[in-house]
Undergrad: 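Shown below is the structure under consideration.
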There are 2 protein chains.
Amino acid sequence: MKMNETENNLPEPTKAELEILQVLWEFGPSTVRFVNDQLNMQREVNYTSTLKQMQILTEKGILKRDESQMKHIYIPVEAEEKTKVQLLDRFVNTLYKGSASQLMMQLLGNEKTSKKEIEEIKRLLDSME
Amino acid sequence: MKMNETENNLPEPTKAELEILQVLWEFGPSTVRFVNDQLNMQREVNYTSTLKQMQILTEKGILKRDESQMKHIYIPVEAEEKTKVQLLDRFVNTLYKGSASQLMMQLLGNEKTSKKEIEEIKRLLDSME
DNA sequence: TGCGTCGTACGAAAACTATCGTACCTTTAG
DNA sequence: CTAAAGGTACGATAGTTTTCGTACGACGCA
């Protein structure tokens with residue numbers, strides 16, 4: 001088994017792939033041109049590099065594309081939520097042996113987590129009753 | 001800047017490196033032999049591969065080692081907590097734009113997060129008042 | 001003393017990831 | 001019709017990470 005595959009056999013998105021996914025999550029199905037422009041707001045990257053990445057993502061089954069137009073439209077196969085849940089699950093398992101509360105403790109101990117955030121979390125929990 | 005370096009210039013541990021760190025976190029300072037044996041409970045890996053990784057980790061300053069014995073003893077330079085906080089921080093920023101409460105929502109929506117865990121988190125928050 | 005075992009050192013291959021140049025096709029303006 | 005602009009395809013290269021073979025030194029013991 002490849003190192004970058006999980007037990008349920010889904011390939012783990014790499015860093016560059018995640019960048020692309022995030023654009024698609026934020027703006028919805030897009031062309032390579034659009035994604036590339038977005039990426040270039042953060043860092044310089046060649047159009048064909050982005051194109052290649054998105055083709056690879058499609059090969060991997062992480063993206064699908066509408067080829068009915070000349071400008072292909074790329075769409076994530078899985079919903080944002082589902083992908084993030086998978087990544088989060090893997091993260092919790094890897095670093096915290098699956099203990100969500102342990103992760104929480106660090107989150108709350110981190111000064112970068114603002115009081116406002118903490119209040120929001122409390123409301124969330126209360127509303128779950 | 002290398003892709004795998006953060007803004008504060010600390011090298012991000014790779015997957016294989018993280019595996020080794022986790023053994024050291026769990027069992028304390030150890031020899032290569034011990035770490036390798038632990039890893040081999042999960043997957044097959046050659047002794048010299050583990051050795052090399054640990055040497056690289058030492059070069060990077062992530063581990064230090066006691067060479068006073070023939071069997072070198074390897075020790076993480078940073079505490080487990082500190083390293084995990086860094087990784088968590090990066091994770092939240094990357095996937096949740098820094099919003100801890102958003103991460104929480106997914107954690108709580110995940111059926112793998114047990115009721116027991118949720119209760120624990122609540123107690124934690126209450127005790128923070 | 002000689003040999004098997006166990007250790008480290010380290011270069012190089014293998015695997016994986018990221019980037020880019022080039023070729024070539026389609027559309028459109030003139 | 002033709003040139004320019006903009007699109008996809010894809011091989012090659014570069015960069016990074018992971019794995020391993022080989023060399024060789026320490027130790028223990030028959």
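The basis for the numbers below is simple: all heavy atoms, side chains too, and nothing from hydrogens, waters or symmetry mates.
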Undergrad: Check whether any side-chain nitrogen or oxygen of B:Thr14 sits under 4.0 Å from OP1 or OP2 of D:dT17, and answer yes or no.
TA: no
Undergrad: Identify whether the distance between the nearest side-chain nitrogen and carboxylate oxygen of B:Glu19 and B:Lys15 falls below 4.0 Å.
TA: no
Undergrad: So, is A:Arg33 near the phosphate of D:dG7, with a side-chain N or O under 4.0 Å from OP1 or OP2?
TA: yes
Undergrad: From C-beta outward on B:His72, which listed nucleotide comes closest to its side chain: C:dT8, C:dC20, D:dT18?
TA: C:dT8
Undergrad: C:dT8 C1' sits how many Å from B:Glu67 CD, rounded?
TA: 10 Å
Undergrad: Please answer whether the main-chain N or O of A:Asp89 pairs with a side-chain N or O of A:Asn93 as donor and acceptor at a distance below 3.5 Å.
TA: yes
Undergrad: Quick one: A:Tyr47 OH to D:dG6 P, roughly how many Å, whole number?
TA: 11 Å
Undergrad: Figure out the CG/P separation between A:Leu57 and D:dC10, and round it to whole Å.
TA: 17 Å
Undergrad: Charged N to carboxylate O under 4.0 angstrom, B:Lys60 versus B:Glu12?
TA: no
Undergrad: Assess whether side chain to side chain contact (heavy atoms under 4.5 Å, CB included) is satisfied between B:Leu21 and B:Leu63, documenting all intermediate values.
TA: CA-CA 9 Å; B:Leu21 276 177; B:Leu63 298 184; 3.9 Å; yes
Undergrad: Between C:dC25, D:dG25, D:dC20, spot the one nearest the side chain of B:Met70, thanks.
TA: D:dG25
Undergrad: Identify which nucleotide among D:dG21, D:dT18, C:dG7 has an atom closest to any side-chain atom of B:Lys71, counting heavy atoms from C-beta outward.
TA: C:dG7
Undergrad: Have a look at A:Gln53 and say if it touches a base, only the backbone sugar-phosphate, or nothing, with a 4.0 Å heavy-atom cut-off.
TA: base
Undergrad: Assign C:dA18 to syn or anti; the rule is syn for a glycosidic angle within 90° of 0 and anti otherwise.
TA: anti
Undergrad: Starting at atom CE of B:Met54, determine the distance to atom C1' of D:dT17, rounded to an integer number of angstrom.
TA: 17 Å
Undergrad: Whole-Å distance between D:dT17 P and B:Glu19 CD?
TA: 15 Å
Undergrad: From D:dC27, C:dA18, D:dG7, pick the nucleotide closest to the side chain of A:Lys15?
TA: C:dA18
Undergrad: Quick one: is D:dT19 close enough that its OP1 or OP2 comes under 4.0 Å of any side-chain N or O from B:Arg43?
TA: yes
Undergrad: Provide, to the nearest angstrom, the distance between the CG atom belonging to B:Asn36 and the P atom belonging to D:dT18.
TA: 15 Å
Undergrad: Quick one: B:Leu21 CG to D:dT17 P, roughly how many Å, whole number?
TA: 15 Å
Undergrad: Quick one: is C:dG7 close enough that its OP1 or OP2 comes under 4.0 Å of any side-chain N or O from B:Arg65?
TA: no
Undergrad: Taking A:Thr94's backbone N and O only, do any of them form a donor-acceptor pair with B:Gln22's side chain (distance below 3.5 Å, no angle check)?
TA: yes
Undergrad: Return the CD to CD distance between B:Glu59 and B:Gln55, rounded to the nearest 0.5 Å.
TA: 7.5 Å
Undergrad: Mind telling me whether A:Phe91 and A:Tyr96 have parallel, tilted or perpendicular rings, with 30° and 60° as the class edges?
TA: tilted
Undergrad: Name the pairs: protein N/O against N/O of nucleotides 10-13 of chain C, kept only if under 3.5 Å.
TA:
residue	atom	partner	partner atom	Å
C:dG11	N7	B:Lys52	NZ	3.3
C:dG11	O6	B:Lys52	NZ	3.4

Undergrad: Please identify each residue that fulfils salt bridge (Lys or Arg N to Asp or Glu O under 4.0 Å) with A:Lys52, with sequence neighbours left out.
TA: none
Undergrad: Sort out the partner of D:dA26 for me: Watson-Crick or G-U wobble, both distances under 3.5 Å, none otherwise.
TA: none
Undergrad: Measure the distance from CD on B:Glu12 to P on D:dT18 and round it to the nearest whole Å.
TA: 11 Å
